[in-house]
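Reading through the structure tokens given below for one structure.
Per chain, numbering begins at 1; letters A, B, ... match sequence-line order. Computation of the quantities below employed the complete heavy-atom set of this structure, encompassing side-chain atoms and omitting hydrogens, waters and symmetry-equivalent molecules.
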Protein chains: 2
Amino acid sequence: MSNDTEQATVFVVDDDEAMRDSLCLLLESVNLNARVFSCAQSFLGAFERHQSGCLLLDVRMPDMSGMTLLDALRSGGIVLPVIMITGHGDVPMAVRAMKQGAFDFIQKPFNARELLDRVHAALEQDRKNRLQRNKTEQCRALFMTLTDREMEVVDLVVAGNPSKIIARTLGISPKTVDIHRANIMRKLDVRTVAEMVQLRLSLRDA
Amino acid sequence: MSNDTEQATVFVVDDDEAMRDSLCLLLESVNLNARVFSCAQSFLGAFERHQSGCLLLDVRMPDMSGMTLLDALRSGGIVLPVIMITGHGDVPMAVRAMKQGAFDFIQKPFNARELLDRVHAALEQDRKNRLQRNKTEQCRALFMTLTDREMEVVDLVVAGNPSKIIARTLGISPKTVDIHRANIMRKLDVRTVAEMVQLRLSLRDA
DNA sequence: ATTCCAATAGGTAAAAACACCTAAGGAAGG
DNA sequence: CCTTCCTTAGGTGTTTTTACCTATTGGAAT
């Protein structure tokens, strides 16, 4: 369960110690909570998916590059906003990063104020993402309490079938369908079909 | 009303005549329908929002740049996939274009096969967008047939209110609410509340 | 002025959904 | 073996929705 009160963290992954230190100082100068890593692997080892914040990621690093780490995060379903930082302007790399869902792609040397602007924007994006995902998770938890049969009935109800048709479809008595429906309404804590449909649809495209 | 059977068009906007001709030949060599423009203004004057296809857009042009045209298209709610083409690698420009929703950002000189790959991908994206928007438009047309009062009732039903509560909310008789509901069901061509909710929600986030 | 339609409302009746009750068969686990 | 849970099903009754019918008011268009 993620915690909204915990402080957001700006993760910094860069193999250059001087850059790490300077970024850390810059971030802490505006009271941002920063954690630095010297390589992609150590970040992957320390980061847990529920942690809120954003990531400042150097593109060019030995062993695992920033692009590879970005790919790894997205493959792992981690949607943390990532600001890529690079010293060597490379358009294809920037385009690839943006297509992979990077929040921004910034060249060194960068303006401190502009970087902080982007960091704040990324943190705000993360906050919004997190709110949405919390709602989705609570919703998913509700549906987890349903049995397989009840899920079948939910989907048939949401599709707009009356109980009589649902009974025929499942080969059971209309009475039993009503029992299932009552149990579903209680478990999902809804009082009308309209609410049930909304709850189900909020999960479909999430 | 957009027409799915009409041929998709690859629009080319570039101030360099040699580039226009070469792109046009390349596109027509794979049986793509191409239309070329020498500046952003002439494209804007000729393009109509229902036309399907994609846009190959040169970044650097006199008067109105490709970036400005991209901004103008997005401001106008035109979601045609745009492939930006530039001769001078510029990371901030690429990032800005991608943030503005460009489909891709390609540097000259480009590989002909790769460009065609991207064009085909853009056309496929446009086809998907268009299918989705057609559905949305049909849906919107249905709701346009509803009166203001009926829209109020729809939203209260979708929110999960029973007729009795809706009547109290609107200060009218439960009987009248039922009349409205019946008219709504007929106009929207749905037979259950679940279908009404789905139809309404498909418009909410579109 | 007349016509058309939206909004209002009542009557009647059938269908559907929802709320309670009981209860049996089967599978899983302690 | 016993308990627990899922699934099944019937009974009874209330509430809600839906489908027909008629009918008045008021505004907008012709």
Options D/dT17, C/dA17, D/dT8, nucleotide nearest the side-chain atoms of A/Pro162:
C/dA17
Phosphate-side-chain proximity, [X] and [N], N/O vs OP1/OP2 below 4.0 Å:
X        : N      : answer
A/Ser163 : C/dA16 : no
B/His180 : C/dT8  : yes
B/Arg149 : C/dT8  : yes
A/Lys175 : D/dG11 : no
B/Thr147 : C/dC5  : no
A/Thr176 : D/dT7  : no

If I take atom [atom1] in residue [X] and atom [atom2] in nucleotide [N], what distance separates them, rounded to the nearest angstrom?
X        : N      : atom1 : atom2 : result
A/Ile179 : D/dC6  : CD1   : C1'   : 13 Å
A/Asn183 : C/dA19 : CG    : C1'   : 12 Å
A/Ile184 : C/dC18 : CD1   : C1'   : 13 Å
A/Ile172 : D/dC6  : CD1   : P     : 15 Å
B/Met151 : C/dA7  : CE    : P     : 12 Å
B/Asp148 : D/dG27 : CG    : P     : 16 Å
A/Lys187 : D/dC5  : NZ    : P     : 11 Å
A/Leu170 : D/dA9  : CG    : C1'   : 15 Å

Can you name the nearest heavy-atom pair linking A/Arg74 to A/Leu80, along with the distance?
NH1-O, 3.3 Å
Here the pair of heavy atoms bringing B/Gln7 nearest to B/Ser52 is O-OG, 4.1 Å
For A/Asp63 and A/Gln41, does a side-chain donor sit closer than 3.5 Å to a side-chain acceptor?
no
Distance-only side-chain donor-acceptor flag, B/Ser163 / B/Asp178, under 3.5 Å
yes
Base, sugar-phosphate, or nothing for B/Asp178, non-hydrogen atoms under 4.0 angstrom?
base
What contact category does B/Ser173 fall into here, base, sugar-phosphate, or nothing, at under 4.0 angstrom with non-hydrogen atoms?
sugar-phosphate
Do the charged groups of A/Asp104 and A/Arg118 touch, with an N to O distance under 4.0 Å?
yes
